[in-house]
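Data first, discussion second: the structure below is written as structure tokens.
What's counted below: heavy atoms across the whole structure, side chains too, no hydrogens, waters or symmetry copies.
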Protein chains: 2
Amino acid sequence: MNSFTEENYLKAIFKLSSPDTDGVSTNSIAEELQTKASSVTDMIKKLSDKKLVKYKKYQGVSLTKKGKIIAISIVRNHRLWEVFLVEKLNFKWDEVHDLAEDLEHINSEKMTERLDEFLEFPKYDPHGDPIPDKNGNVYNHKDVTLADLKQNEKGIVVGVKEHSKSYLNYLESINLVLGAEIKVDDIIDFDRSMSASVNGKKLVNVSHQASKNLIIKKL
Amino acid sequence: MNSFTEENYLKAIFKLSSPDTDGVSTNSIAEELQTKASSVTDMIKKLSDKKLVKYKKYQGVSLTKKGKIIAISIVRNHRLWEVFLVEKLNFKWDEVHDLAEDLEHINSEKMTERLDEFLEFPKYDPHGDPIPDKNGNVYNHKDVTLADLKQNEKGIVVGVKEHSKSYLNYLESINLVLGAEIKVDDIIDFDRSMSASVNGKKLVNVSHQASKNLIIKKL
DNA sequence: ATTTATTTTTAGACTAATCTAAAATTATTT
DNA sequence: AAATAATTTTAGATTAGTCTAAAAATAAAT
């Protein structure tokens with residue numbers, strides 16, 4: 001069994017890993033987990049002893065197959081609980097992250113599978129992030145953001161790349177929730193902000209900072 | 001905020017407290033939590049510093065009002081999650097305790113109240129234990145057990161006094177689940193075992209050990 | 001190719017929770 | 001009421017996770 005802390009490190013390393021680069025840096029993990037680099041080094045050694053990560057001093061760290069399986073199952077748990085909190089307990093999408101952060105560590109495959117079934121096998125969490133299936137397969141959205149659309153193009157909101165409360169709150173206030181249809185009416189050259197219509201009517205002005213974090217499916 | 005460990009001590013003290021005796025002994029807490037008396041003493045000091053328990057050396061320990069509120073809210077949480085696991089995720093009554101033991105420590109009043117609402121404000125958990133309401137009021141069953149019934153008397157199963165997997169499993173195998181109607185057909189003087197009919201037909205033989213742990217409502 | 005800056009690791013200390021073994025206190029017996 | 005038994009507390013060590021400050025290694029800049 002692994003402690004909550006160990007699981008959080010695995011999750012952080014998983015989140016920071018990308019297919020192209022091979023090692024996650026100590027500093028980036030420290031930043032992600034709001035801790036110090038020296039603490040990270042200590043924990044990495046422990047995870048390395050447990051064969052959950054591959055580690056060479058000064059060369060960064062990456063998950064082993066075993067470590068990745070654990071990380072993905074935690075992500076699966078997290079996202080299923082988020083769906084539960086929003087769909088069944090009527091929480092808003094900006095309220096569920098911290099709770100799911102705790103719930104995700106309750107390790108029971110049986111409970112996870114039953115929860116999945118109870119929720120009718122959701123594919124995405126309330127922020128549009130894909131829920132890994134029980135075999136650990138994750139199907140990511142294609143990475144098209146609102147900022148990639150040209151004038152008069154349309155799309156459907158399918159996710160966000162930034163999960164802060166303030167961003168989610170803002171999106172909700174202008175009806176840019178999952179499933180909303182958005183049409184780009186105009187793009188201001190100067191700052192790349194957009195004026196757009198949401199669901200055919202609501203007119204909004206969206207900064208580049210905001211548009212590049214909104215994942216959409218082109219129509 | 002209190003750690004999981006602190007919460008478990010508060011819960012144990014609450015469970016071991018009774019209206020008539022005034023202090024819970026160090027040893028009984030150690031027994032309940034499967035730890036050593038010396039560890040208990042250490043933790044009690046800490047809880048005492050936090051004003052969660054009243055403590056005088058060698059004189060046993062009791063909860064303060066503050067400590068009791070916390071203990072009851074954990075019990076409330078535990079029992080609500082048990083209802084969730086049985087009613088919504090189709091777990092059996094003998095499978096839910098350990099999971100609820102983890103879930104109970106996720107402290108969010110909002111989540112607890114939403115869960116309560118989602119479950120339609122259950123009064124009892126799957127073992128018939130009363131769920132404290134949000135103000136901390138607990139309504140216990142009157143303490144009548146199957147062993148108190150006389151020949152030809154009838155009752156409804158409303159709870160258990162023993163929560164072991166093996167006991168719960170056994171009860172289920174003879175249909176003695178919550179709500180079952182039981183009639184005492186005969187009592188064997190020698191060992192105080194009973195033959196009884198469940199729900200009007202199923203004939204079972206129940207040892208005194210088993211009957212005295214089954215809480216019933218007399219009909 | 002040195003120097004400078006940045007990143008990472010080590011060394012040593014700290015806190016929370018635990019343990020063993022010994023000492024102190026309370027309870028029980030005779 | 002003294003002796004024995006049981007319980008409880010202390011003292012000192014241990015483990016997990018963290019931290020600061022200094023040392024070591026790598027990367028960047030002149």
Side-chain angles (χ1 to χ4, degrees), chain A residues 1-13 16-18 20-63 67 70-71 74 101-102 104-107, chain B residues 1-13 16-18 20-63 67 70-71 74 101-102 104-107:
Chain A
M1 210 44 318
N2 309 294
S3 68
F4 283 22
T5 313
E6 289 170 314
E7 292 187 348
N8 282 332
Y9 273 90
L10 292 175
K11 203 171 46 129
I13 296 165
L16 296 169
S17 299
S18 68
D20 25 303
T21 58
D22 33 38
V24 176
S25 79
T26 302
N27 258 356
S28 63
I29 298 170
E31 159 77 8
E32 172 73 23
L33 294 177
Q34 295 293 325
T35 182
K36 295 292 139 97
S38 56
S39 309
V40 174
T41 303
D42 285 351
M43 180 54 85
I44 284 173
K45 281 180 185 164
K46 196 175 156 193
L47 295 174
S48 180
D49 290 346
K50 286 188 164 192
K51 310 262 186 238
L52 298 173
V53 301
K54 279 190 281 287
Y55 171 57
K56 278 219 188 77
K57 268 190 199 176
Y58 295 102
Q59 300 314 130
V61 69
S62 61
L63 294 174
I70 295 170
I74 297 166
E101 206 72 358
D102 289 339
E104 70 187 9
H105 297 291
I106 299 177
N107 257 312
Chain B
M1 209 48 313
N2 309 294
S3 68
F4 282 21
T5 312
E6 288 169 315
E7 292 187 348
N8 282 332
Y9 273 90
L10 293 175
K11 203 170 46 128
I13 296 165
L16 297 168
S17 299
S18 69
D20 23 303
T21 59
D22 34 38
V24 175
S25 79
T26 303
N27 259 356
S28 63
I29 298 171
E31 159 77 8
E32 171 74 22
L33 294 177
Q34 295 294 324
T35 182
K36 296 292 141 97
S38 57
S39 308
V40 174
T41 304
D42 284 350
M43 180 54 85
I44 284 172
K45 282 180 185 164
K46 197 176 155 193
L47 294 174
S48 180
D49 289 346
K50 286 187 163 192
K51 310 260 185 241
L52 298 174
V53 300
K54 280 190 280 287
Y55 171 59
K56 278 218 187 77
K57 269 192 203 175
Y58 295 101
Q59 300 314 132
V61 68
S62 60
L63 294 174
I70 294 171
I74 297 167
E101 207 72 358
D102 288 339
E104 71 187 7
H105 297 290
I106 299 177
N107 257 312

Give the nucleotide from the list [options] with an atom nearest to the side chain of [X].
X	options	result
B:Asp42	C:dT10, D:dT10, D:dT8	D:dT10
A:Asn27	C:dT8, D:dT9, D:dT7	C:dT8
A:Thr41	C:dT8, D:dT10, C:dT18	C:dT8

request  = Return the set of residues passing salt bridge (Lys or Arg N to Asp or Glu O under 4.0 Å) with A:Lys57 (not counting sequence neighbours), or none when no residue passes.
outcome  =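 Testing A:Lys57 for salt bridge (Lys or Arg N to Asp or Glu O under 4.0 Å), a comparison that skips the adjacent residues, returns none.
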Calculate the interatomic distance between [X] atom [atom1] and [N] atom [atom2]; express it in whole Å.
X	N	atom1	atom2	result
B:Phe4	D:dA16	CZ	C1'	16 Å
B:Gln59	C:dA24	CD	C1'	13 Å
B:Met43	C:dA16	CE	P	10 Å
B:Ile29	D:dT7	CD1	P	14 Å
A:Leu33	D:dT18	CG	P	8 Å
A:Glu31	C:dT8	CD	C1'	16 Å
A:Lys56	D:dA25	NZ	P	17 Å
B:Asn2	C:dT15	CG	P	19 Å

key: Qualifying residues under side chain to side chain contact (heavy atoms under 4.5 Å, CB included), relative to B:Ser17, sequence neighbours excluded   =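 Result, side chain to side chain contact (heavy atoms under 4.5 Å, CB included) vs B:Ser17: B:Ile13, B:Val24.
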key: For B:Phe4, all residues meeting side chain to side chain contact (heavy atoms under 4.5 Å, CB included), sequence neighbours excluded   =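 So B:Phe4 forms a side chain to side chain contact (heavy atoms under 4.5 Å, CB included) with A:Phe4, B:His105.
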request  = With sequence neighbours left out, write down each residue that passes side chain to side chain donor-acceptor pair (under 3.5 Å) with A:Glu32, or none if nothing qualifies.
outcome  =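 Side chain to side chain donor-acceptor pair (under 3.5 Å) check on A:Glu32 returns A:Lys15.
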key: B:Ser3: side chain to side chain donor-acceptor pair (under 3.5 Å) partners, not counting sequence neighbours   =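 B:Glu6.
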request  = For the pair B:Met43 and B:Val40, evaluate side-chain contact (heavy atoms from CB on, under 4.5 Å) and give the outcome as yes or no after the intermediate values.
outcome  = CA-CA 5 Å; B:Met43 180 54 85; B:Val40 174; 5.9 Å; no
task = Go through the steps for A:Val61 and A:Ile29 under the test side-chain contact (heavy atoms from CB on, under 4.5 Å), then give the verdict.
result = CA-CA 10 Å; A:Val61 69; A:Ile29 298 170; 3.6 Å; yes
Taking only nitrogen or oxygen atoms into account, show me every contact under 3.5 Å that the protein makes with nucleotides 20-24 of chain D, one pair per line with its distance.
residue	atom	partner	partner atom	Å
D:dT20	O4	A:Ser38	OG	3.0

Phosphate contact ([N] OP1 or OP2) by [X] side-chain N/O below 4.0 Å:
X	N	result
B:Thr26	D:dT9	yes
A:Thr35	D:dC19	yes
B:Lys57	D:dT10	yes

query = B:Thr5 near the nucleic acid: base, sugar-phosphate alone, or nothing, with a heavy-atom cut-off under 4.0 Å?
reply = sugar-phosphate
